[in-house]
*Asks:* 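Dropping the structure in here first, questions after.
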Amino acid sequence: HYRPPQRPAQVRFRPSPAAVLSALILSNVIHPAHADGSPASPLDFRPYVGGALGSTRDWGDYAEPGDTVLRAHRQALAGKVYAGIRSKYVGVEIAYLRIGSTGIAGRTANGDSFDERSAHDAVPISLVGFLPLDERWELNARVGFVVNATYETGGTCVRHSRSGVSRRYRCSETPIALGAGVRYAVGQHWGLRLDVDYFELRDSAATPRSDLGTVTLGIDYRF
C-alpha cells in the first residue's frame with residue numbers, strides 16, 4: 001500500500017522565565033557603547049581618563065582686622081588630570097589639580113609688610129552623576145572631598161609666618177569638593193569637557209584655608 005510521506009514532528013521550544021530574564025540581563029551588560037563611547041546600559045561600567053587647563057578664582061578672605069590689603073592675588077592658572085569608572089548614569093572619579101599661587105599682600109595694623117601666597121594641590125574623590133541629553137551632549141555633577149588637604153575642627157586657626165610676620169588664618173572644617181560640567185562627544189571615544197569646580201582646602205598646617213573656584217576645558221577618552 002502507498003503511504004504518503006509524513007511531515008516531521010514539530011518541536012516547540014518554550015523558554016523558561018528564568019532563561020528569558022538571564023538573556024535580558026546579559027544583553028544589557030554586553031550591549032555595545034553609544035556612539036560617544038558612553039555605556040549603553042546602567043549595568044555596563046567603563047573607565048575613562050582626561051586632562052584639562054583653565055583658570056582659578058580664590059574667594060578666600062586672608063585679611064585680619066586692621067590689615068591694609070594692597071594687592072590681592074586672586075586669579076591663577078589651573079590644570080587637572082582625572083580618571084574614573086562609570087555606568088550610564090553614575091560613576092566614581094579621582095582627580096589631581098595643580099593650582100597657581102593665590103593670596104594677598106599689604107600691611108598689618110602694626111605697619112609690618114606681608115605678602116602671603118600659596119600654590120595649591122588638590123586630590124578630590126567624587127561621586128559623579130551623568131545625564132545624557134542626546135548622542136553628543138551630556139551633563140555631569142560631582143560631589144566629594146579632597147583627600148590630601150589638612151583640616152581642623154573646632155574653629156582653631158593656625159599661625160602663618162611665611163613672610164616673617166605672624167598672622168592668623170581661618171581653618172577648614174569640611175573637605176568639600178563640588179563640581180558640574182558638560183561634555184560634547186567628538187568621536188566614538190573622544191570628547192570635550194567643560195568643568196566648573198569648587199574646593200575648600202588647606203594644603204598644610206602652614207597655609208590658610210582657600211576657597212577656590214576653577215573653570216577648565218579639556219579632552220577625555222572613554223575606553
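Numbering starts at 1 and runs along the sequence shown. No hydrogens, no waters, no symmetry mates; every other heavy atom, side chains included, goes into these values.
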*Asks:* Determine the minimum heavy-atom distance between D134 and R136, stating which atoms define it.
*Replies:*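 Answer, listing the atom of D134 first, then R136: OD1-N, 2.8 Å.
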*Asks:* First locate atom CD1 of I104, then atom OG1 of T68, and finally report the distance between them rounded to the nearest 0.5 Å.
*Replies:*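 It is 10.5 Å, given to the nearest 0.5 Å.
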*Asks:* Any chance you could measure D67, atom CG, to D112, atom CG, to the nearest 0.5 Å?
*Replies:*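 Reported to 0.5 Å precision, the distance equals 10.0 Å.
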*Asks:* Between Y48 and V128, what is the shortest heavy-atom contact and its length?
*Replies:*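 Closest approach of Y48 to V128, heavy atoms only: OH-CG2, 4.4 Å.
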*Asks:* Are N140 and R142 side-chain neighbours, meaning at least one heavy-atom pair lies under 4.5 Å?
*Replies:*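 Side chain of N140 against side chain of R142, heavy atoms only: contact under 4.5 Å found.
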*Asks:* Do the rings of W190 and Y221 sit parallel, tilted or perpendicular, given the 30° and 60° boundaries?
*Replies:*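 The rings of W190 and Y221 stand perpendicular, inter-plane angle above 60°.
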*Asks:* Kindly work out whether a path of hydrophobic side-chain contacts (I/L/V/M/F/W/Y, heavy atoms less than 4.5 Å apart) joins I99 to L53.
*Replies:*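 No, I99 does not connect to L53 through the hydrophobic network.
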*Asks:* I'd like to know if the side chain of R193 and the backbone of G218 have a donor-acceptor N/O pair within less than 3.5 Å.
*Replies:*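 Absent.
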*Asks:* Measuring from atom OG1 of T214 to atom CG of D58, what distance do you get when rounded to the nearest 0.5 angstrom?
*Replies:*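 Reported to 0.5 Å precision, the distance equals 11.5 Å.
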*Asks:* Between S55 and Q75, is any pair of side-chain heavy atoms under 4.5 Å apart?
*Replies:*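 Yes, their side chains come closer than 4.5 Å.
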*Asks:* Side-chain contact, heavy-atom cut-off 4.5 Å: L194 with L192?
*Replies:*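 A side-chain contact under 4.5 Å is absent here.
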*Asks:* May I ask you to test the D220-Y82 pair for a side-chain heavy-atom distance under 4.5 Å?
*Replies:*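 Yes, their side chains come closer than 4.5 Å.
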*Asks:* Is there a donor-acceptor contact under 3.5 Å from the side chain of H189 to the main chain of R222?
*Replies:*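 The answer is yes, because a donor-acceptor pair under 3.5 Å joins these two groups.
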*Asks:* How many angstroms lie between CD in E138 and OH in Y89, if you round to the nearest 0.5 Å?
*Replies:*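 That separation rounds to 10.0 Å.
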*Asks:* So which atom in V146 and which in A177 form the shortest heavy-atom distance, rounded to 0.1 Å?
*Replies:*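 Scanning both residues, the minimum pair turns out to be CG2-CB, 4.1 Å.
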*Asks:* Would you name the heavy atoms of L127 and G91 that are closest together and state the gap between them?
*Replies:*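 Nearest heavy atoms, L127 then G91: CD1-O, 3.4 Å.
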*Asks:* With heavy-atom distances below 4.5 Å as the criterion, would you say the side chains of K80 and D197 are in contact?
*Replies:*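 A side-chain contact exists here, since the closest heavy-atom pair is under 4.5 Å.
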*Asks:* Would a single hydrophobic cluster contain both V196 and I219, if residues Ile, Leu, Val, Met, Phe, Trp and Tyr are joined by side-chain heavy-atom contacts under 4.5 Å?
*Replies:*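 Yes.
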*Asks:* Mind listing the closest non-hydrogen atom pair of K88 and R86 along with its distance?
*Replies:*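 Residues K88 and R86, closest heavy atoms: O-NH2, 3.0 Å.
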*Asks:* Nearest 0.5 Å, what's the CZ-CG distance between F130 and L139?
*Replies:*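 It is 11.0 Å, given to the nearest 0.5 Å.
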*Asks:* Is V49 close to F223 at the side-chain level, that is, under 4.5 Å between some pair of heavy atoms?
*Replies:*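 When only atoms from C-beta onward are counted, V49 and F223 do touch, with a gap below 4.5 Å.
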*Asks:* Which pair of heavy atoms, one from A78 and one from T56, lies closest together, and at what distance?
*Replies:*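 Minimum heavy-atom contact is CB-OG1, 3.2 Å.
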*Asks:* How about T102 and H120: does a side-chain donor come under 3.5 Å of a side-chain acceptor?
*Replies:*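 Side-chain D/A pair, T102 to H120: present.
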*Asks:* For L77, look at atom CG and say whether over 12 heavy atoms of other residues, nucleotides or ligands are found less than 6.0 Å away.
*Replies:*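 Not more than 12 within 6.0 Å, no.
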*Asks:* Take a 6.0 Å sphere around CZ of R107 and say whether it holds more than 12 heavy atoms from other residues, nucleotides or ligands.
*Replies:*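 Result for CZ/R107: open.
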*Asks:* Test of understanding: with salt bridge (Lys or Arg N to Asp or Glu O under 4.0 Å), list the residues that count as partners of R98, not counting sequence neighbours.
*Replies:*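 Applying salt bridge (Lys or Arg N to Asp or Glu O under 4.0 Å) to R98 gives D121.
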